[in-house]
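Step one of this worksheet: look at the structure below.
This is a predicted model, so every value here is computed, not measured.
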Amino acid sequence: MQPVVRALQVLQALSSRPDGMTLQELHLALDIPLGSMHRILAVLREQRFVSRSPIDLRYFLGPAVRDLTERNVSGAGGMQSLTTVVRELSQATGETVFLTELHGSEAVCVSLVEGTYPLRLFVRLGQVMPLNAAAAARVLLAHLPTAVAAELLGASVLGEFTPASPHTAESVLERLPVIRERGYDIAADELDEGVWAVAAPVFTSTGRATASVTLAGSSGRFATEAARSAAIRSVTGAAARMSAHLGWTPGE
């Protein structure tokens with residue numbers, strides 16, 4: 001029984017550390033001998049319950065954990081509830097609203113409701129969002145381990161869509177802690193000129209940012225602080241409702 005208990009302790013420790021843990025940190029935190037810890041991690045990696053960054057060798061919860069706990073998140077029921085909120089937000093504001101998910105190394109628009117105002121927008125259903133210039137993508141990067149976000153940015157082509165687009169991995173990485181702390185991101189003329197957008201993360205029951213919800217509209221309609229603040233409240237409120245549908249409880 002001891003190896004099973006120790007393996008569960010490792011998973012529990014990693015679940016509270018989105019930045020990952022080294023072998024030494026796990027050894028010290030759980031008081032498990034290094035040799036035993038190495039063997040436990042090897043089995044957990046083989047079974048995909050744990051993954052290890054090739055950059056700094058830190059350990060993270062692996063895809064098998066998500067398969068167990070969130071198998072129904074992308075199912076018809078889960079997606080339908082999120083799409084309903086997307087439609088409601090668009091109807092309430094008149095603006096274009098869309099949902100983005102991270103699929104492998106790509107941020108993909110998986111649901112979109114166009115607003116009642118005419119808007120020339122980069123985004124289409126199935127569109128791969130640029131990791132550097134889209135608030136929808138940066139929100140998702142902000143809730144990944146820094147090493148993973150840096151790896152994704154390093155492997156992507158960071159285009160300059162407008163003069164305001166951040167076009168280096170370093171400039172994007174500098175913004176991620178701010179995005180994570182305030183709970184949303186804004187893109188003002190960064191992906192589409194004349195377009196202002198705000199995005200917020202959607203969390204699953206385990207606290208993973210599984211998607212982002214974005215509201216986008218003409219910059220002119222968001223020229224005042226009052227208009228921008230109202231849009232931020234609408235989007236963060238919608239994200240909170242979506243997260244509640246997926247079983248997330250703030251503070252847990």
- Shortest non-hydrogen contact from Met21 to Leu26? SD-CD2, 3.6 Å

- Query: Using 4.0 Å as the upper bound for N to carboxylate O, is an ion pair formed by Glu181 and Arg175?
  - Reply: no

- Ring-face cation contact, Phe60 with Arg52, 6.0 Å cut, 45° max: no

- Under 6.0 Å between the ring centres of Phe203 and His143? yes

- Would you name the heavy atoms of Leu152 and Leu131 that are closest together and state the gap between them? O-CD1, 3.9 Å

- Query: Do Arg228 and Trp196 come within less than 4.5 Å of each other through their side chains, counting heavy atoms only?
  - Reply: yes

- Query: Is the closest side-chain heavy-atom distance between Val198 and Thr214 below 4.5 Å?
  - Reply: no

- Task: Establish, from distance only, whether the side-chain atoms of Glu101 and His103 form a donor-acceptor pair under 3.5 Å.
- Result: yes

- Query: With Leu44, which of Leu14, Val50, Leu61 fulfils side chain to side chain contact (heavy atoms under 4.5 Å, CB included)?
  - Reply: Val50

- Item | Side chain to side chain, Leu23 and Leu34, heavy atoms closer than 4.5 Å | yes

- Centre of Phe49's six-membered ring, under 6.0 Å away, within 45 degrees of the axis: is that where NZ or CZ of Arg45 sits? no

- Query: Would Glu114 and Arg124 pass as an ion pair if we require N to O under 4.0 Å?
  - Reply: no

- Considering only heavy atoms from C-beta outward, does the side chain of Pro130 approach that of Phe161 to under 4.5 Å? yes

- Can you check whether Thr93 reaches Leu89 side chain to side chain, under 4.5 Å on heavy atoms? yes

- Of all the heavy-atom pairs spanning Gly159 and Ser165, show the shortest one and how long it is. O-CB, 4.2 Å

